[in-house]
Amino acid sequence: MRTDTILLMRRKAYATSPDQAGLALGAGLLLAGVLAGVLAGALAGTAAGATSPGPVVAAGAGMLAALLVMTVAGPLWLAFHNWGWRTARHAALAGFLSGFGALLVAQVHAVGLAVAPADSVTSAGQALRWTSAVATSLFWALPAAAIGVVMWRIAYRRARP
C-alpha cells in the first residue's frame, strides 16, 4: 500500500452542508461584531455620557469586523475547504491569517506607512511604526483564530464512511 493512501485512511474527514456553513458564517459575524463593538466602545470611553462617541465607534467597529469575516475570512475558508483543509487547526489558521492580514493592511494604510516619503520620517521611527503595526495585528489575530475555531465547530461534522 502506498504511503499517501495510508495517510488518507488515517486522516479524519470532515464534511459540511450549506445550512451549517451559513450558520457558521452568521456566528462568526456575530462574534466578531460583538467583540469589536465591545472593545471599541470601551476604548472610546462610553462613561462620558450622551455626548461620548463610544456607541457610534462601537457600532462602526462591529460592522467593520463583520465585513472582515465576510470579505476576507469567508473566501479564505472556502479555499481551505476546497483544498481539503478542514480541521480545527486549519480553521484557526484561516482566522489568524485573515485577522492579521486585514489589520496589518488597515494600519499600514491608515497611518500612511506604505506611502510615506523616505525623507519625511527617520528610519528608526519608520521601524517603530512597522513593529507596532505587526505586533498589534498579531495580538488581535488571536481572537480571530478563536472565532475561526468556533465557526469550524458549527460548520463541520465528521464525515460518515
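Side-chain atoms are counted along with the backbone in the values below, which use heavy atoms only and exclude waters and symmetry mates. This structure is a prediction, so every number in the text was calculated from the model and none was measured.
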Partner set under side-chain contact (heavy atoms from CB on, under 4.5 Å) for Ala94, not counting sequence neighbours: Leu76, Phe80
Same cluster (ILVMFWY, side-chain, under 4.5 Å), Trp140 and Leu68: no
Sequence-distant partners of Trp77, side-chain hydrogen bond (donor to acceptor under 3.5 Å, both in side chains), two or more places apart: Tyr156
Any Leu31 side-chain heavy atom under 4.5 Å of Val150 side chain: yes
Under 3.5 Å: donor-acceptor pair, side chain of Gln107, backbone of Leu104: no
By side-chain contact (heavy atoms from CB on, under 4.5 Å) - contacts of Leu138 (at least two apart): Phe96, Phe100, Val134
ILVMFWY cluster, Leu35 and Leu103 together (side-chain gap under 4.5 Å): yes
Heavy-atom donor-acceptor pair, Thr136 side chain to Ala133 backbone, under 3.5 Å: no
Under 3.5 Å: donor-acceptor pair, side chain of Ser98, backbone of Val72: no
Atom pair CE/CG of Met151 and Leu30 - distance to nearest 0.5 Å: 11.5 Å
Partners meeting side-chain contact (heavy atoms from CB on, under 4.5 Å) with Ala27 (sequence neighbours left out): Ile154
Thr71: partners by side-chain contact (heavy atoms from CB on, under 4.5 Å), with sequence neighbours left out: none
Shared hydrophobic cluster for Leu25 and Leu67 (ILVMFWY, side-chain gaps under 4.5 Å): no
side-chain hydrogen bond (donor to acceptor under 3.5 Å, both in side chains) against His90, all qualifying residues, sequence neighbours excluded: Thr87
Arg157 atom CZ, neighbour heavy-atom count above 12 within 6.0 Å: yes
Residue pair Ala144 / Gly99: nearest heavy atoms and the distance that separates them: CB-CA, 4.0 Å
Arg158 side-chain N/O to Tyr14 backbone N/O, donor-acceptor pair under 3.5 Å: no
Same apolar cluster (I L V M F W Y, side chains within < 4.5 Å links), Val69/Leu78: no
